[in-house]
Participant: 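Have a look at this one.
To find a chain, count down the sequence lines: A is the first, B the second, and so on, and within it residues start at 1.
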Amino acid sequence: MTDKTVIIGLEIHCQLNTKTKLFCGCSTDFQGDEPNTHVCPICLGLPGAMPRLNKQAVLYALKVAKALKLTVPEVSEFSRKNYFYPDLPKGYQISQYDKPIAEKGIMEVDDDEGHPKNIRITRIHLEEDPGRLIHKTSRDRAGYSLVDYNRSSIPLIEIVTEPDLRSPKEARRFLNKLRSTLEYLEVFDGEREGSIRVDANISIKGHNRVECKNISSYKGVEKALNFEITRQRNLIRKGQRIEQETRHFLEGRGITTSSRSKENENDYRYFPEPDLRPLRVSGWVDDIVLPELPDARRERFMTQYGISENHARTLTGDLKVANFYESVADADPAIAAIWVADILLGEINYRSMRIDDVPTMNIADLIALIRDDTITDKSGVEVLRVMLDHCMGENEESCEMPADIVTRLGLTKAAGDDFTAVINEVIAANPNAVADYRAGKKGAVNFLVGQVMKATRGRADPKELNSAMDAALKEAED
Amino acid sequence: MVLENDVEGIAKLADIHIQKEELGEFTSQFNHILEYFDILDTVSDGEEGEADLVNVLREDEVTPSLTQEAACANAHETEDGHIRAPRVM
Amino acid sequence: MVKEYFFEEADRTNAFITRLDLAMYEETGGPLEGKGIAVKDNISTAGIPTTCASRILAGYVPPFDAHVITHLREAGAAIVGKTNMDEFGMGTTTENSAFGPTTNPHDASRVPGGSSGGSAAAVGDGMVDMALGSDTGGSIRCPAAFCGIVGLKPTFGRVSRYGLIAYSNSLEQIGPLGRTVTDVNTLMSAIAGPDPRDTTAYDRPYTHTPSGNIAGMKIAIPDEFFGEGVDPAVAESVRNAIGKLEDAGAETMTCSIPSMAYALAAYYVTCTSEASSNLSRFDGVRFGPSVETKRSWHDEFRDHRGTLFGKEVQRRILLGTFALSAGYYGKYYAKAQVARENVRKDFLRIFKDADIIAGPTMPQIAFKLGEKSDPLSMYLADILTVPANLAGVPAISVPCGMVEKMPVGLQLIGRHFEDERVVDAAFAYEMEVA
């Protein structure tokens with residue numbers, strides 16, 4: 001039986017969230033701004049302009065190196081990568097070639113069976129982003145491009161893995177953990193549009209390797225890899241050979257296509273950047289203090305808050321969620337875990353909201369209400385939905401406090417007596433169901449309970465209600 | 001020794017169009033010069049110089065950018081603040 | 001107070017690409033106040049077209065001043081125009097210009113030298129007292145020698161390159177040209193010094209008054225500077241000049257620079273490699289003559305460069321592309337850096353015993369226009385000037401007599417950051433023959 005092992009390696013480009021660009025003082029905060037308003041002679045590539053290396057970008061790269069257990073060599077250098085493209089103003093990209101800032105690290109990830117394995121990181125290096133192209137076509141002329149240089153020279157960190165990944169799902173888990181780690185290090189903002197780009201190398205053991213470029217989302221990576229595996233397996237089955245080539249991922253269609261452009265054959269003619277001096281920063285690593293990273297935080301959540309591994313995993317996967325949880329956990333860690341991980345995240349996703357948009361105070365309040373048995377779980381969900389529907393993101397005052405919503409909508413849990421009357425009314429109003437119950441159809445109880453829930457707008461606790469209904473029906477029999 | 005074909009290949013890599021008529025002269029001049037460069041083969045493998053200036057870094061502080069007008073001032077075709085360029089086909 | 005400077009000199013030598021017949025200057029009380037200064041057209045001047053004598057930069061108006069220009073303005077200078085040059089600094093005669101050649105003020109049938117030929121001719125012809133040039137492999141010293149004026153290439157990193165349109169970043173420096181050593185010294189004082197925008201520059205300001213006292217100065221004379229490629233009359237003129245330095249109290253000795261054998265090759269591999277990359281940005285999109293946006297990128301880019309770059313520029317881009325290409329990097333570029341380090345080591349060795357190295361600036365007097373039509377023979381003319389660029393040391397050319405009615409230049413080279421001593425040696429010579 002031939003070994004059909006899938007072999008995957010990734011090259012990930014992440015934008016570092018420094019205040020200024022890699023080689024000039026232009027602000028990196030250009031999202032939503034007019035084109036070409038965050039540029040200067042340097043990032044515009046005007047003749048005579050010279051690069052100036054951003055210290056913070058170097059520090060961020062060293063942080064990543066330390067977190068991923070990479071070695072920082074004594075000397076690191078920048079090199080020019082020469083190629084011609086409309087979004088590359090200098091006709092070369094300042095990157096790192098033979099002397100990257102760090103090499104040979106690892107990141108642990110679970111394989112598809114849930115067992116941890118080490119994915120080797122070959123190297124990380126710093127480089128500048130090119131500008132952005134918008135392609136235009138019009139009826140009276142051939143296509144042309146519009147260039148916006150706001151993105152030109154944004155700092156990127158490129159992370160290259162050895163081909164240690166074995167499935168698209170594993171690759172996706174790796175990427176998620178990487179993203180999470182970079183966010184914990186506070187060097188990366190995953191919510192920023194275009195902040196991560198991935199190239200994947202994939203082969204079936206014994207066959208040629210294919211490179212897939214232009215993947216710009218986590219979902220896209222899994223899609224692209226799945227498509228490629230299928231495509232390659234089909235070719236193998238037909239006895240055809242796999243072309244060693246570069247393919248382009250088309251996100252919208254979920255397919256990869258052969259990229260016949262010149263870029264395949266490019267000789268980048270790397271040489272050391274003569275306008276920049278070398279870096280000797282291996283000694284700086286010792287002074288870098290790493291924050292608590294995702295794995296450690298997960299472990300701590302389990303021990304400190306006594307929550308399950310699943311919950312801990314969900315809650316620590318995203319730095320903002322983890323921080324959010326910790327600011328509401330005091331009310332009741334167990335309840336908080338359920339309400340944040342299982343309920344809140346789903347609700348805000350559905351509304352395309354961000355966890356930033358939810359004031360922690362409000363959720364803490366909600367958790368307290370649940371803990372104190374003031375409202376039922378079902379009411380809790382209703383309160384949450386009502387609140388979120390009117391939360392206007394930055395305007396915290398627009399987020400109504402759950403306690404106020406409960407009062408306003410009259411959702412305070414009905415005490416046992418309150419619904420005795422309702423139970424009796426429902427029994428009286430549904431003689432057929434009562435008859436079914438007497439005939440032994442247990443399903444009739446559920447129907448009757450449902451009617452009470454409707455009448456009390458869910459304020460009644462289902463468990464209590466069930467036993468009360470049982471008791472009432474028995475009493476009625478007598 | 002490079003041939004006209006090779007010079008054409010280098011011209012492609014460098015994205016410069018060399019007229020066919022000029023190729024012959026270019027190639028012979030090229031060879032002449034490359035022959036002269038062969039003297040470098042006599043240099044035994046050694047060390048490059050070590051840089052005396054290292055770690056020249058800039059603080060991560062925002063400085064003023066050009067206005068959109070100034071940025072586009074030397075461009076011939078602009079559209080909605082973008083600069084027009086030929087498209088890679 | 002802003003004042004007017006009327007620049008009315010006739011330009012007989014085609015020294016200028018852009019002239020400001022009316023230049024403005026500020027009364028800053030600086031050392032150059034009210035002085036008309038010419039600037040080589042590869043130095044960015046805000047609001048004034050900057051072309052590098054190339055059609056591919058026709059119409060380009062920089063939105064910023066080079067660091068040295070800011071200094072000139074602070075010193076109260078009036079910038080009277082941008083001078084002609086070999087396109088992008090590539091040449092030794094200022095014949096490779098899209099704006100026609102500049103001629104030598106001493107003989108209109110001869111070249112002024114290059115690539116800062118326009119600056120040298122403007123000074124040599126008396127249009128201005130001082131001018132800025134740039135020197136990558138001799139481009140200040142060569143035209144200074146051919147035009148009979150003084151030109152200094154500073155220690156690498158002493159003058160900021162911010163705003164200098166790059167030809168070969170690791171070799172070039174902006175430097176002063178002037179009628180006298182004192183003029184050159186004044187201009188150097190105004191432009192040298194730190195600039196955070198050039199991270200390869202050092203914080204070494206220059207404040208110096210030339211001194212002619214060179215008693216005890218040790219001058220080494222390399223065998224290789226007087227080899228068979230050097231015209232005997234030129235060699236004799238320079239030896240006499242060195243004799244004058246001895247009269248002023250200096251001691252001479254001989255020395256040898258074995259790395260001279262491959263210095264020129266190392267120079268041309270390095271500068272063409274860097275240039276092939278530096279010149280990639282001229283795509284006609286953000287600046288320069290327009291490209292046809294309806295065509296495909298590579299077709300248009302290729303034609304743009306093929307049409308608007310001059311032949312010599314194209315040749316050097318191809319050479320540099322080749323030298324950096326896969327399979328050839330080790331043979332050419334990497335080897336050139338080792339060769340370069342050997343040149344630097346040779347200089348350091350000689351400078352253990354000597355303070356100054358002396359010899360001719362150029363192996364012959366100014367060529368006739370059109371004489372150097374073969375590229376390689378043109379390159380060979382740089383043989384005596386490139387070593388100083390490779391090593392990064394300061395070097396000056398000072399006029400030392402005439403041969404066949406044409407000026408000859410005496411080249412004086414010093415240790416890193418001893419530009420002051422190099423200027424003193426030149427000043428001493430000037431005083432000795434005054």
Participant: Highest number of heavy-atom pairs under 4.5 Å with chain C: which of B:Leu53, B:Val43, B:Val56, B:Asp15?
Facilitator: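 Option with the greatest count: B:Asp15.
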Participant: So which part of C:Tyr332 gets closer than 4.5 Å to some heavy atom of chain B, the side chain, the backbone, both or neither?
Facilitator: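 For C:Tyr332, the contact with chain B is made by backbone and side chain together.
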Participant: Find the one option among B:Ile83, B:Leu34, B:Leu57, B:Ile18 whose heavy-atom pairs under 4.5 Å with chain C are most numerous.
Facilitator: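 Maximum pair count with chain C is reached by B:Leu34.
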Participant: Hey, which of C:Leu318, C:Leu376, C:Leu380, C:Thr321 has the most heavy atom pairs under 4.5 Å with chain B?
Facilitator: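 That would be C:Leu318.
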Participant: Can you tell which part of C:Ser325 gets under 4.5 Å to a heavy atom of chain B, answering side chain, backbone, both or neither?
Facilitator: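 For C:Ser325, side-chain heavy atoms alone lie under 4.5 Å from chain B.
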Participant: Heavy-atom pairs under 4.5 Å with chain B: which of C:Gly288, C:Ala323, C:Gly59, C:Pro62 has the most?
Facilitator: C:Gly288
Participant: Taking side chain as everything from C-beta outward and backbone as N, CA, C, O, which of these in C:Thr307 sits under 4.5 Å from a heavy atom of chain B? Side chain, backbone, both or neither.
Facilitator: neither
Participant: So what's closer than 4.5 Å to chain B heavy atoms on C:Ala201: side chain, backbone, both or neither?
Facilitator: backbone
Participant: Do B:Val2 and C:Phe322 have side chains that approach each other closer than 4.5 Å (heavy atoms only, starting at C-beta)?
Facilitator: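 Answer yes - side chains close enough.
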Participant: Do the numbers put C:Arg315 on top of the ring of B:Phe26, so that NZ or CZ is under 6.0 Å from the six-membered ring centre and no more than 45° off the axis?
Facilitator: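 So C:Arg315 does make the cation-pi contact.
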Participant: Return the option, out of C:Ser280, C:Ser296, C:Gly284, with the maximum number of heavy-atom pairs under 4.5 Å with chain B.
Facilitator: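 Option with the top pair count is C:Ser296.
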Participant: Side chain, backbone, both or neither: which part of C:Pro289 has an atom under 4.5 Å from a heavy atom of chain B?
Facilitator: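 Backbone only.
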Participant: Given heavy-atom pairs under 4.5 angstrom as the criterion, report whether the side chain, backbone, both or neither of B:Asp52 touches chain C.
Facilitator: side chain
Participant: May I ask you to name which of B:Gln19, B:Gln29, B:His32 has the most heavy-atom pairs under 4.5 Å with chain C?
Facilitator: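 Among B:Gln19, B:Gln29, B:His32, the one with the most close pairs to chain C is B:Gln29.
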Participant: Look at B:Asp38 together with C:Lys331 and state whether they make a salt bridge at an N to O cut-off of under 4.0 Å.
Facilitator: yes
Participant: Could you tell me which portion of C:Asn342 (side chain, backbone, both or neither) has an atom closer than 4.5 angstrom to a non-hydrogen atom of chain B?
Facilitator: side chain
Participant: Is it the backbone or the side chain of C:Gln314 that comes under 4.5 Å from a heavy atom of chain B, or both, or neither?
Facilitator: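 For C:Gln314, the contact with chain B is made by backbone and side chain together.
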Participant: Heavy-atom distance under 4.5 Å to chain C: side chain of B:Ile10, backbone, both or neither?
Facilitator: both
